[in-house]
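Labels below follow one simple rule: chain letters A, B, ... track the order of the sequence lines, proteins then strands, and each chain is numbered from 1.
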Amino acid sequence: MTAINLAPTKKGYPLGITEEKLAEFQVLLATRRAGFSLEAPFYTDDHLFNLDMQGIFGKHWIYAGSVAEVPEPGDYITVDYGPYSLIVLRNDDGGVNVLHNVCRHRGARVLTEDAGTTGNLVCGYHSWTYSPEGQLIHASAPGEMEFDKKCYSLKTAHSRIDAGLIFVCLADEPPEDFAETAKVFEPYLGPHELQKTKIAYQQNIVEEGNWKLVMENNRECYHCDGHPELACSLFPTWGLTDGIIPKHLEDVWDRNKDAQAALEERCRRYGLPFEVFEELDTRIAGIRISRESLDGEGESFSPDGRRLSKKLLGDLRDFRLGRCSMHLQPNSWFHFLGDHVVTFGVFPINAHQTLVRTTWLVADDAVEGVDYDVDKLTHTWKQTNLQDKAFVELCQQGAESPFYEPGPYMKSEYQVEAFINWYTMRMREHLA
Amino acid sequence: MTAINLAPTKKGYPLGITEEKLAEFQVLLATRRAGFSLEAPFYTDDHLFNLDMQGIFGKHWIYAGSVAEVPEPGDYITVDYGPYSLIVLRNDDGGVNVLHNVCRHRGARVLTEDAGTTGNLVCGYHSWTYSPEGQLIHASAPGEMEFDKKCYSLKTAHSRIDAGLIFVCLADEPPEDFAETAKVFEPYLGPHELQKTKIAYQQNIVEEGNWKLVMENNRECYHCDGHPELACSLFPTWGLTDGIIPKHLEDVWDRNKDAQAALEERCRRYGLPFEVFEELDTRIAGIRISRESLDGEGESFSPDGRRLSKKLLGDLRDFRLGRCSMHLQPNSWFHFLGDHVVTFGVFPINAHQTLVRTTWLVADDAVEGVDYDVDKLTHTWKQTNLQDKAFVELCQQGAESPFYEPGPYMKSEYQVEAFINWYTMRMREHLA
Amino acid sequence: MTAINLAPTKKGYPLGITEEKLAEFQVLLATRRAGFSLEAPFYTDDHLFNLDMQGIFGKHWIYAGSVAEVPEPGDYITVDYGPYSLIVLRNDDGGVNVLHNVCRHRGARVLTEDAGTTGNLVCGYHSWTYSPEGQLIHASAPGEMEFDKKCYSLKTAHSRIDAGLIFVCLADEPPEDFAETAKVFEPYLGPHELQKTKIAYQQNIVEEGNWKLVMENNRECYHCDGHPELACSLFPTWGLTDGIIPKHLEDVWDRNKDAQAALEERCRRYGLPFEVFEELDTRIAGIRISRESLDGEGESFSPDGRRLSKKLLGDLRDFRLGRCSMHLQPNSWFHFLGDHVVTFGVFPINAHQTLVRTTWLVADDAVEGVDYDVDKLTHTWKQTNLQDKAFVELCQQGAESPFYEPGPYMKSEYQVEAFINWYTMRMREHLA
């Protein structure tokens, strides 16, 4: 992959993008047909990927992980978004320091593990040593030259933690509206108290497809017939509304409506919000959040809907809370349940490959083998992820054909359209 | 690989080819030295590969397979040429439907197996369902939006079946002269009746070389000392003519001439054409076809020349028919014998890799283990293919050197020159 | 990798480099900040790699191997530098013939093994046969066309052997100053008599990093805390000078000074030069050479400093000669000891990968298992190479980040600066 280097190029675009190509991309963005998928180069072109990394991942608040992944001061994870490499390090104040994982001396990666615990950060090459805040505090040997260490701190990025979720922003000036979005989702997620959870399991899968296809796939359940395990948890009437229920599903529909009414009653009783809030492409920090009932016992993603961990999360008082699901632009989605939480982070690798990281969180006092069984806990989404990986890869292959042409999104894919619409607007602004 | 997307680019050339590069390629084509191999970029440059896919594979009749691969209605194969992905589906009328393997909804590959049998075609992602002709016949769920399904048929390509060989053309307007070429080869191949054959074995090998090096290698036997197994079947005087026979081969030459005379006598008796017909670069659908004797018993590609399958093909009445060999531009060659047929299809992957598919066909009533032994049947060409793969790869490596320079084709390589001449003319016209 | 083809492009630059990109690279070179590492594209960009191959490896004297690798007439090695592929063949006159490994007929690699022995060179494709000097001496079959074989010799490159080291130059006009550099190093290396050595072991490792990072890593010992095995041989005061010795190392410093004084006394006695000669960026054939004492017994790269081979090299009369170390621009370094020699050659593969070939040489009459143990002989540098590989790869990963920025070289890294300074000057001249 060609690295993005902004400094010396005209207009600040990544090295290697000619004026001719930029003009082509601007035309593609300007003429994008609403309600249709993108033109092929958005899924396949290496230069457009570099522009995505610059205009989307380099400018917006993006999901990195949760506090359960860095529970104690000194705990860190390293995360990569395309060419960007970051250290996310829990600090003593309960926040995180976000540091570019590039030594200021010779450019070596400073930390090389996916996760760990550290005091000062010591580069393995020449032992340049940085404080947890990134300040260079040691960089010499006897007789070495003097130089102003203050000029060689690790570069930092912005961070915020909302409801236990960690977001980072690589831009100098982060978009301001994320605070409003956080205000929306905190009442939904806060009661699950992520700060009192722990990782039960984490799965990293590489999908052979562009990150936008991964996101598009997540934003609709029109394909959910392809998810037999997940379909057990969702009502077979998922996505339908009064008046369009087929005869053979009328009984199910009644069950669904009853379950949703009961869920809403419970939420009201416990003071939990459940309404749909949806502004996926009408704000920069696009969001959809809601609480929906699950089939069966209505407690969790199990074949019979029964809890998968015996410990209730946070200060919740009932397992039958369905799923509180949140979609965020550009790279995450979440399911918060009474007994566990599943977080999904999307980390682009290149135009053709994307890492999807799924993390299952349970109450920090839940005991493996006693309160929960890891295989049962993770079964539904492990299977669903593999199925989604296959779908994404079929689309990537299709987009490589010169005979691919943008196709129409269906009504049930309105969230896909919202994602693509959001993307298009953000990129138009970036290239304006 | 960067996808080819024609729509938004200037002059209709693949995305990413700058005016500067196009001009360079046009100069290379215009200044190509007759009788010499091509300049290195034709074998190594990714943009030139994209132009090949557009100007050669996107415009001409290309070989896809034979009817023996799709014997019954509903049988299909999927074939890829660079970024193009096609479904070739046998229909009820004895012809084939050729459909681009790209769902009109979200672009997913519709069929994912190399070969199979299907009724309607159902995309695995959202179950959009197409008729065998590609018409969209089902694409909805309860309450979904209405839209004009007629606008979303699978895109189609042209097809024709001649003497049991299936050819496809991706262009809107296929070149017209293929019908004349088919008229030439039908009398040679027809009597072998491919429609009454079956696959005995199919081999797919990926050669680490440009598709043109694969074709060049096929078009000469100057290198046949490197094919000890094949050399058993060809006379050691192959390629020689009266007056230039070395002393030690004079006996062989007599044997060769006797065998050829006997073969021609037999052909006359059975009404089979045997003359050389050769227009490799004097027509768009370039062809060479002839019938030549084989050494030994003269029946097949076996060490002693004896038949490898006990069942005669079609309405043939004699095993001693040598080989009827056909070369077609741009991507196929064939050997038709009394007892079996070997077809060779060349499927480019990218500038540096090519799939070569070899298929051995025997009479459909021949019984494996009784009438033929698969290992013996395939031995000569399996070995020859591996040897050719090595030759192609040596040339690809050599062409990467800046010190590579086009070399002279020998007299015995005149068919290589004809191929390259054909290619150059076709590409000049494409870029004109 | 896209091949470099000079012929048809404007100004003679590799195909695919646009004027726009060339201008960007020229700005990067012109604005390079002295004392700092290079901008990221120099480590990551494919086009800049092609320019390196053209301007550095295509123009300068570069290291290929030593006479110990081709001891007898007819012995050859094949070496690749990026897209260049060469045969280095020992001739009857004690020199080497350097031939481009590209058949003049169809461009096939002529020799395919890494090393071997040959008389005439016979291409495996069509048996074109070349003399050891590269003259085409056989290229026909009966009845073939006549052509002037003199026009189709294998292309040659310049070569020279100095003190048993083989250097090649691909340019028409090699830089002239190498002869002076050779005059510098011959008195140091000559007495070790490479022509009377043999290969005890050769290691090829591929480092996932740009060749310049491999060279930079070699040019400083600021990171030598990361080399515990090598650190046994170097004094812990390595790189320090009077006045900056930390308290706890004062004893070591005295030991170091005593050892160096004793070494110099011995050198004087035997007529061996030991002074530092250093012109790394003040001549085209940049060099640093010196003889330095080793810790412990001072004989070899062993934990206790004792000899690793029992046979003295050449006409040396003492094992306690420390290490005579030579650094050459652009792609080699060497350690000559009393008992063995280690040579290091750097062979770029592409912008992101580099082959490092390390060869351990011992006296040709040393008997394995009796006079030396291969594992012990190679232990220190095998371990050191693996450690260096890891360092290089961390830097390559770091340079991919858009937040990478050139960092300052320390005083102890002045040789790195000299290498980069040399590189920058050479490339500025190439692109001028």
field: Neighbour count >12 (heavy atoms, 6.0 Å) for atom CG, D172(C)
entry: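 No, CG of D172(C) has 12 or fewer neighbouring heavy atoms, counting only those of other groups under 6.0 Å.
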message: Would you say that more than 12 heavy atoms from the other residues, nucleotides or ligands in this model lie under 6.0 Å from the CD of E429(B), or not?
response: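 For E429(B), atom CD is not crowded (no more than 12 foreign heavy atoms under 6.0 Å).
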Could you tell me if the side chain of [Y] sits less than 4.5 Å from the side chain of [X], heavy atoms only?
X	Y	result
P83(C)	P402(B)	yes
F391(B)	R106(C)	no
F403(B)	S85(C)	no

Return the [atom1] to [atom2] distance between [X] and [Y], rounded to the nearest 0.5 Å.
X	Y	atom1	atom2	result
E400(B)	Y84(C)	CD	OH	13.0 Å
S401(B)	L86(C)	OG	CG	7.5 Å
I17(C)	K21(B)	CD1	NZ	10.0 Å
K155(C)	Y404(B)	NZ	OH	10.0 Å
C123(C)	L394(B)	SG	CG	7.0 Å

message: Side chains of E144(C) and S412(B): any donor to acceptor distance under 3.5 Å?
response: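 Yes.
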task: Using distance alone, with no hydrogens and no angle criterion, decide if H100(C) and E405(B) have a side-chain donor and acceptor under 3.5 Å apart.
output: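 Their side chains do not contain a donor-acceptor pair, so the 3.5 Å distance test is not met.
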message: Is E220(B) close to chain C through its backbone or its side chain, or both, or neither, when contacts mean heavy atoms under 4.5 Å?
response: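 Contact with chain C: side chain only.
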- request: Measure distances from Y43(B) to the heavy atoms of chain C and classify the residue's part below 4.5 Å as side chain, backbone, both or neither.
  value: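 Interface part for Y43(B): neither.
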query: Is it true that Y222(B) and H105(C) have ring centroids separated by less than 6.0 Å?
result: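 Ring centroids of Y222(B) and H105(C) are less than 6.0 Å from each other.
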- request: Side chain from CB out, backbone as N, CA, C, O: work out which of these in T112(C) comes under 4.5 Å of a heavy atom of chain B, or both, or neither.
  value: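 Looking at T112(C), just its side chain touches chain B.
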message: Please evaluate residues Y125(C) and N217(B) with respect to the criterion side-chain contact (heavy atoms from CB on, under 4.5 Å), reporting the C-alpha separation (whole Å), side-chain torsions for both, the decisive distance (0.1 Å), and the verdict.
response: CA-CA 10 Å; Y125(C) 201 176; N217(B) 176 70; 2.6 Å; yes
Nearest heavy-atom neighbours spanning M145(C) and M410(B):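 Smallest interatomic distance, heavy atoms only, reads SD-CA, 3.6 Å.
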